[in-house]
Participant: 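Below are the structure tokens for one structure; questions will follow.
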Amino acid sequence: MIIVMKPEADQAEVDRLLAQIEAKGLKPLHMPGSERVVLGALGDERVLAELSLEADPYVESVKPILSPYKLVARDLHPHDTIVKIGDASFGGGRFGLIAGPCAVESESQLLASAKAAKAAGARVLRAGAYKPRTSPYSFQGHGPEGLTLLAEVGREVGLPVVTEVIETADVELVATHADALQVGARNMQNFALLKAVGSVAKPVVLKRGMSAKVEDLLLAAEYILAAGNDQVILCERGIRTFETATRNTLDLAAVPILKKKSHLPVVVDPSHGTGIRDLVTPMALAGAAAGADGLMIEVHVDPATALSDGPQSLYPEQLLALGKQLEAMLPVLGRSL
Ligand code: PEP
Ligand code: MN
């Protein structure tokens with residue numbers, strides 16, 4: 001339920017209503033705005049009827065929260081949430097470039113790729129230490145050693161790092177090494193993992209599952225917020241369709257829909273979204289034009305030797321060129337890199 005207070009309601013009246021909401025077993029939310037205070041009540045809204053809030057002299061209006069994802073929805077939270085990874089900001093007009101190789105392979109590979117990412121204007125370095133691979137025979141990542149290497153290289157080049165966590169048991173370890181955690185497409189509905197990343201004080205990049213509807217993605221994000229972590233970045237990374245010309249079908253219409261329905265920042269991953277190097281730059285620019293708050297791009301210093309996702313990894317000079325195009329384009333769209 002959304003309860004809009006009258007302008008004359010003072011703190012005592014607000015506290016009185018918050019206490020009444022809590023006493024009914026609902027979770028009270030307090031959202032002071034510049035003109036009015038808005039309160040929220042999460043839980044079984046039917047019990048609120050007993051409070052007759054409409055009749056309260058300090059209440060202007062009461063309306064139900066219709067969306068099933070109540071914390072993630074814009075209804076209760078009209079302003080953009082800005083999520084920070086290190087010094088990089090996502091949302092509220094701030095655009096962030098996240099780049100790096102698909103996986104941590106070796107120190108020299110990671111360092112060279114990280115330098116390429118930084119030179120192109122990336123604000124966050126990304127590489128996987130744990131790789132969820134379709135085949136059990138594919139490179140699975142270097143695990144804890146990869147995490148240590150990633151943190152070291154991030155420090156060396158001066159970039160915060162984000163990396164994927166694939167198991168609940170690893171959340172704490174990954175959170176001690178990384179500035180942000182990634183939940184991958186294959187784990188978008190791993191509810192135990194969502195709850196676990198919801199209980200750490202690190203931002204989460206949540207990727208859309210390959211067969212997930214927009215609503216499924218928002219409900220997955222709701223798990224993380226409900227567990228106490230509101231620092232969530234949504235990531236459109238393509239879905240499975242009948243089309244086989246690309247690895248996935250990058251659903252760019254999801255970007256403005258997500259932005260409309262939710263206050264959380266949205267980034268686009270055109271690398272997994274297309275699977276084809278030459279399509280990454282045009283779809284990255286299209287993602288920015290569609291309203292994304294950032295991009296997540298795979299870059300590799302030598303894609304031909306990459307242990308994963310070489311065919312979709314940009315060469316360093318391609319990322320550099322993309323960075324320049326974004327720099328020119330974003331101000332026109334009212335955003336800055
Ligand atoms: C990745 O980011 O390298 C990855 C495995 O992505 P996704 O979960 O989107 O497939
Ligand atoms: Mn990858």
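First listed ligand is number 1; within each ligand, the first listed atom is number 1. The first residue of the sequence shown is numbered 1, and numbering continues consecutively from there. No experiment lies behind these values; they were computed from the predicted model shown. Note that these values count all heavy atoms, side chains included, but never hydrogens, waters or copies made by symmetry.
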Participant: Out of all atoms in ligand 1, which are within 4.0 Å of some heavy atom of Lys131? Include the element for each.
Facilitator: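 Heavy-atom distances to Lys131 below 4.0 Å select 1 (C), 3 (O).
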
Participant: Nearest protein heavy atom to atom 2 (O) of ligand 1, by residue and atom, and its distance?
Facilitator: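 Answer, as residue, atom name and distance: Arg126 NH1, 2.4 Å.
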
Participant: What do the steps show when you test Val59 against Met5 for side chain to side chain contact (heavy atoms under 4.5 Å, CB included), and what is the final call?
Facilitator: CA-CA 5 Å; Val59 169; Met5 304 297 289; 4.3 Å; yes

Participant: Among the N/O/S atoms of Asp309, select the one at the shortest distance from the Mn ion (ligand 2) and name it.
Facilitator: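 Going by distance to the Mn ion (ligand 2), the closest N, O or S atom in Asp309 is OD2.
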
Participant: What's the verdict on side chain to side chain contact (heavy atoms under 4.5 Å, CB included) for Met31 and Leu39, showing C-alpha distance, side-chain angles and the deciding distance?
Facilitator: CA-CA 6 Å; Met31 289 155 292; Leu39 306 183; 5.8 Å; no

Participant: If you consider just the N/O/S atoms, which atom of Glu298 is the closest one to the Mn ion (ligand 2)?
Facilitator: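 Nearest N/O/S atom of Glu298: OE2.
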
Participant: So is Cys102 close enough to ligand 1, meaning a heavy atom under 4.0 angstrom away?
Facilitator: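 Yes, that is the case, since the closest heavy atom of the residue is under 4.0 Å from the ligand.
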
Participant: How far is atom 5 (C) of ligand 1 from its nearest protein heavy atom, and which residue and atom name does that atom have?
Facilitator: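 The protein heavy atom lying closest is Glu164 OE1, 3.9 Å.
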
Participant: Give the numbers and elements of all ligand 1 atoms closer than 4.0 Å to a heavy atom of Glu298.
Facilitator: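 It comes down to these atoms of ligand 1: 3 (O).
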
Participant: Is Asp251 salt-bridged to Lys213, cutoff N-O under 4.0 Å?
Facilitator: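 The answer is no: the pair does not qualify as a salt bridge.
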
Participant: Can you list the ligand 1 atoms lying under 4.0 Å from a non-hydrogen atom of Arg186?
Facilitator: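 The list of qualifying atoms is 7 (P), 8 (O), 10 (O).
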
Participant: Starting from atom 6 (O) of ligand 1, find the nearest protein heavy-atom neighbour and note its residue, name and distance.
Facilitator: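 In this structure, atom 6 (O) of ligand 1 has Lys207 NZ, 2.9 Å as its nearest protein heavy atom.
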
Participant: Report the part of Met210 in contact with ligand 1, treating N, CA, C, O as backbone and CB onward as side chain, heavy atoms under 4.0 Å; options are side chain, backbone, both, neither.
Facilitator: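 No part of Met210 is near ligand 1 at this cut-off.
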
Participant: Rounding to 10°, state the angle centred on the Mn ion (ligand 2) that links SG in Cys102 with NE2 in His272.
Facilitator: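 Reported to 10°, the angle equals 170°.
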
Participant: Assess whether side chain to side chain contact (heavy atoms under 4.5 Å, CB included) is satisfied between Arg123 and Ile98, documenting all intermediate values.
Facilitator: CA-CA 6 Å; Arg123 296 286 154 82; Ile98 305 171; over 6 Å; no

